[in-house]
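Working notes, beginning with the structure itself.
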Amino acid sequence: ELLSSEGTITLFAPTNDAFAKVPAETLAALDANPDALLQVLKYHAVLTAAVMSSDLTDGQVVETAEGSSFTVNIKDGEVSITTDSGQTANVIVVDVKASNGVIHLIDTVLIPKDLKL
């Protein structure tokens with residue numbers, strides 16, 4: 001529902017390689033707990049607008065659809081994000097346009113700090 005909702009979104013989407021780095025027991029726990037899985041998925045989405053990489057600024061704090069936030073880091077033209085729990089993900093592909101927003105691919109699955117598995 002989140003991805004097909006009306007309005008525009010920005011999605012920081014983990015790659016398959018990012019999911020491969022998640023411990024098997026964490027993936028199994030998420031698979032068994034739909035509420036926790038939804039919380040993780042919402043942690044990767046920003047509902048306020050379709051934000052192109054050129055609109056991101058170093059130090060910008062972004063609120064996620066899950067209700068937490070992360071900080072945008074830009075150094076030497078490279079973009080990364082740091083979550084409120086200190087987790088960092090590199091943005092490896094930017095500005096993939098979608099019908100209702102934009103997707104930035106990241107190399108890490110973001111896990112909310114208050115996630116209960």
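Position 1 is the first residue of the sequence, and the numbers go up from there.
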Are [Y] and [X] connected in a single hydrophobic cluster, I mean Ile/Leu/Val/Met/Phe/Trp/Tyr linked by side-chain heavy atoms less than 4.5 Å apart?
| X | Y | value |
| --- | --- | --- |
| I106 | V51 | yes |
| I81 | L56 | yes |
| L105 | L11 | yes |
| V91 | V96 | no |
| L41 | L115 | yes |

**Study point:** Partner residues of E63 under the side chain to side chain contact (heavy atoms under 4.5 Å, CB included) criterion, sequence neighbours left out
**Key:**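 Residues passing side chain to side chain contact (heavy atoms under 4.5 Å, CB included) with E63: none at all.
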
Which donor-acceptor pairs under 3.5 Å do side chains of residues 69-78 form with protein atoms, sequence neighbours excluded?
unit_1, atom_1, unit_2, atom_2, d
N73, ND2, S80, OG, 3.3
N73, ND2, T82, OG1, 2.8

Check your understanding: If you round to the nearest 0.5 Å, how far is CE of M52 from NZ of K97?
Key ->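 These two atoms lie 4.5 Å from each other.
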
Review point. Of T83, D84, L110, which is the lone residue that meets side chain to side chain contact (heavy atoms under 4.5 Å, CB included) with S68?
Key: D84

Review point. Looking at V102, T64, L47, D55, which hits side chain to side chain contact (heavy atoms under 4.5 Å, CB included) with T10?
Key: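 Output: one option passes, namely V102.
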
Practice item. Take H104 and F12, measure what ring-ring contact (aromatic ring centres under 6.0 Å, His included) needs, and give me the verdict at the end. Key: CA-CA 5 Å; H104 305 295; F12 290 85; 5.2 Å; yes

Point to revise | Minimum-distance pair of heavy atoms, taken over all atoms of F19 and P14 | key: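 Distance-wise, the nearest heavy atoms are CE1-CB, 3.7 Å.
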
Please table the atom pairs, donor to acceptor, closer than 3.5 Å between any side-chain atom in residues 21-40 and protein atoms at least two apart or in another chain.
unit_1, atom_1, unit_2, atom_2, d
K21, NZ, D107, O, 2.7
N33, OD1, D35, N, 3.2
N33, OD1, A36, N, 3.1
Q39, NE2, E66, OE2, 3.1
Q39, NE2, D114, OD1, 2.9

